[in-house]
Amino acid sequence: MLDRDLIRNHPDLVRSGIARKGLEAPIDAFLSVDLERRQVQTELQEKQAEMNRISKSIGMLMGQGKKEEAEAAKAQTKDLKEAISAGEGRQRDLDARLRDIELDFPNLPHDSIPNGKDENDNVVVRTWGEKPEFAEQPQPHWDVAERLGLLDLPRAAKISGSGFALYTGLGARLQRSLFSFMIDHQTSKNGYYEVYPPYLVNRASLIGTGNLPKFEEDLYKADDDLYLIPTAEVPVTNLYRDEILNGEQLTLKLAGYSGCFRREAGAAGKDTRGVLRIHQFDKVEMVKFTKPEDSYDELESLVADAESVLRALGLHYRILELCAGDIGAKGAKCYDVELWSPGVGRYLEISSCTNFEAYQARRANIRFRRAQGDKPEFVHILNGSGLACPRLFSAILETFQQPDGSILVPEALRPYLGTDRIS
RNA sequence: GGAGAGGUCGCAUAGUGGUCUAGUGCGCCGCACUCGAAAUGCGGUGUGGGGCAACUCACCGAGGGUUCGAAUCCCUCCCUCUCCGCCA
């Protein structure tokens with residue numbers, strides 16, 4: 001959601017910002033419904049004020065025992081009552097329409113982000129490490145995993161369907177090691193407060209983060225009006241929905257491990273091998289709640305926090321600044337962390353670190369107060385993966401292949417995995 | 001799943017149809033008193049919307065309803081607590 005005053009007073013600015021993303025927004029519909037809503041409200045309130053006056057006087061007359069005068073006053077409320085009832089109905093309707101329109105608005109891109117149409121226009125801002133050298137072409141992770149008994153994809157397909165992974169033996173333990181290591185790393189090294197959230201959330205939470213109403217087809221829906229989370233971003237961001245935070249607590253940094261569930265609708269045929277794109281995966285997610293003036297500094301350190309995991313593991317990666325056309329509807333500015341995958345021969349996205357500014361905060365009504373007595377303001381919210389497990393799993397299998405076919409385990413993982421070598 | 005109790009202004013409480021546009025206490029802010037502080041006294045102290053403004057409207061878990069008038073009565077739902085049942 002955007003600031004209503006901004007849309008009302010600077011519709012062209014909003015229009016051009018959204019056009020930069022290659023998107024559209026119902027600006028004209030907003031303006032006309034908004035105007036009508038305010039007219040109806042003003043009219044309605046005059047009638048309500050009149051009704052309140054009459055009702056109050058009836059109460060006083062009754063108290064004084066003036067029954068007849070009270071009855072006379074009652075008689076004059078009939079038309080008013082009908083008008084109020086009709087006005088309330090109209091306003092309810094207009095409120096709901098305006099809300100629907102507002103929820104449909106994409107966020108505005110930050111001025112600093114590059115123009116561009118799609119992922120080809122993203123900008124590499126830095127790389128770390130180097131592509132590892134191999135005497136022979138390294139195997140892709142699906143071959144390594146099969147050879148070493150770390151994955152059983154046929155059985156995953158049998159028990160669940162295509163697009164699910166069954167990790168086995170040391171493969172299973174490697175998964176568990178990865179998210180244990182990462183959540184420890186983010187909490188102890190980078191200062192995040194650990195949370196472990198529910199995997200099923202209600203509609204209000206998904207509206208808060210911007211997944212609903214627009215992207216329903218990406219989600220798995222359970223009964224009882226609950227949805228499986230596509231990322232821990234959803235429950236963790238909604239921790240403070242409808243709350244006013246103390247400005248002194250900000251910046252608030254939370255990190256949570258969770259399973260993630262995505263239908264990947266529309267992604268059929270893309271990255272289908274191995275565990276590159278699956279319906280269920282594990283991830284550590286970082287979420288920050290900041291004051292508006294701090295959010296861009298916090299975005300830089302958020303990316304650094306995501307990167308620090310890869311550095312600790314010794315994996316080569318690069319950082320992309322997403323262009324306006326590739327950033328998506330919700331973000332104002334976004335960096336992708338892309339991990340080099342020697343077996344696949346491509347950089348693969350493993351984290352997306354985004355500043356949403358006040359976009360999610362407005363949807364979820366999350367505010368803060370600078371000091372006692374100050375007006376509440378919307379916080380800025382940021383999040384980023386720190387990191388996603390399957391692609392980390394695959395990059396480790398591919399990057400640390402040894403000539404004898406075994407995998408040399410990165411130092412940082414050895415205490416978790418209980419071995420320095422997978423063979 | 002069954003039975004019961006309950007959800008009121010930061011916290012605690014009062015309020016069971018009309019001076020409740022919600023009282024009181026605590027907390028907090030301002031002022032007074034004081035060298036300073038405590039104590040005391042006085043005043044203030046929620047959120048959102050509309051209006052240039054004076055001002056006004058809505059909100060007592062949520063949503064409907066009855067009524068001239070609802071925190072208060074009725075209906076549906078949500079949440080919390082207690083007991084029972086079931087269960088990892």
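All chains are named by letter (A, B, ...) in the order of the sequence lines, taking the proteins before the strands, and each is independently numbered beginning at 1.
- With both ends at atom P, the span from B:G27 to B:U21 equals 28 Å, rounded to whole Å.
- Rounded to a whole angstrom, the distance from the C1' atom of B:U8 to that of B:U16 is 14 Å.
- If you run side-chain contact (heavy atoms from CB on, under 4.5 Å) between A:Leu382 and each of A:Thr251, A:Asp294, A:Thr354, A:Thr290, only A:Thr290 comes through.
- The gap from the C1' atom of B:C11 to that of B:G18 amounts to 30 Å, rounded to the nearest Å.
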Heavy-atom protein contacts under 4.0 Å, nucleotides 48-72 of chain B, coded B base, S sugar-phosphate only, - none: SBSS----BBS-----S---BS---

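- Taking atom C1' in both B:U82 and B:G46, the straight-line distance is 32 Å, to the nearest Å.
- With both pairing distances under 3.5 Å, B:A58 is matched to B:U47 as a Watson-Crick or G-U wobble pair.
- Taking a cutoff of 4.0 Å between a charged side-chain nitrogen and a carboxylate oxygen, A:Lys291 and A:Glu293 do not qualify as a salt bridge.
- Nucleotide B:G30 has B:C42 as its partner under the Watson-Crick or G-U criteria, with both atom distances under 3.5 Å.
- Electrostatic pairing of A:Lys214 and A:Asp104 counts as a salt bridge here, judged by a charged N lying under 4.0 Å from a carboxylate O.
- Using the Watson-Crick or G-U wobble rule with both distances under 3.5 Å, B:A22 pairs with nothing in any strand shown.
- Nucleotide B:C52 forms no Watson-Crick or G-U wobble pair with any nucleotide shown, as no partner meets the under 3.5 Å limit on both distances.
- Only at 4.0 angstrom or more do the heavy atoms of residues 240-250 of chain A sit from any atom of RNA chain B, so none qualifies.
- One atom, CG of A:Asp224, and another, P of B:C79, lie 10 Å apart when rounded to the nearest Å.
- Distance noted for atom P between B:G61 and B:C68: 25 Å (whole Å).
- Using cut-offs of 30° and 60° on the angle between ring planes, the pair A:Tyr196 and A:Tyr257 is parallel.
- Below 30°, between 30° and 60°, or above 60°: for A:Phe164 and A:His279 the angle between ring planes is between 30° and 60°, a tilted geometry.
- Side-chain atoms of A:Asp34 do not come within 3.5 Å of backbone N or O of A:Phe30 as any donor-acceptor pair.
- Nucleotides B:A22 and B:U56, compared at atom P, are 13 Å apart to the nearest Å.
- For A:Lys330 and A:Glu233, the salt-bridge test passes: some basic side-chain N is under 4.0 Å from an acidic carboxylate O.
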Trace of the side-chain hydrogen bond (donor to acceptor under 3.5 Å, both in side chains) decision for A:Tyr416 with A:Arg176: CA-CA 8 Å; A:Tyr416 293 90; A:Arg176 185 158 56 83; over 6 Å; no

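- Across all strands shown, B:C9 forms no Watson-Crick or G-U wobble pair with both distances under 3.5 Å.
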ring-ring contact (aromatic ring centres under 6.0 Å, His included) assessment of A:Phe393 paired with A:Tyr167: CA-CA 10 Å; A:Phe393 175 91; A:Tyr167 298 88; 5.1 Å; yes

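- Using a 4.0 Å cut-off between charged side-chain N and carboxylate O, A:Glu82 and A:Lys47 make no salt bridge.
- Rounded to whole Å, the P atom of B:G44 lies 11 Å from the corresponding atom of B:G23.
- Across every strand in view, B:C81 sits in a pair with B:G4 that passes the Watson-Crick or G-U test at under 3.5 angstrom.
- If you take atom P in B:U45 and the same atom in B:U24, they sit 12 Å apart, rounded to whole Å.
- When Watson-Crick and G-U wobble pairs are counted only if both distances are under 3.5 Å, B:G63 pairs with B:C75.
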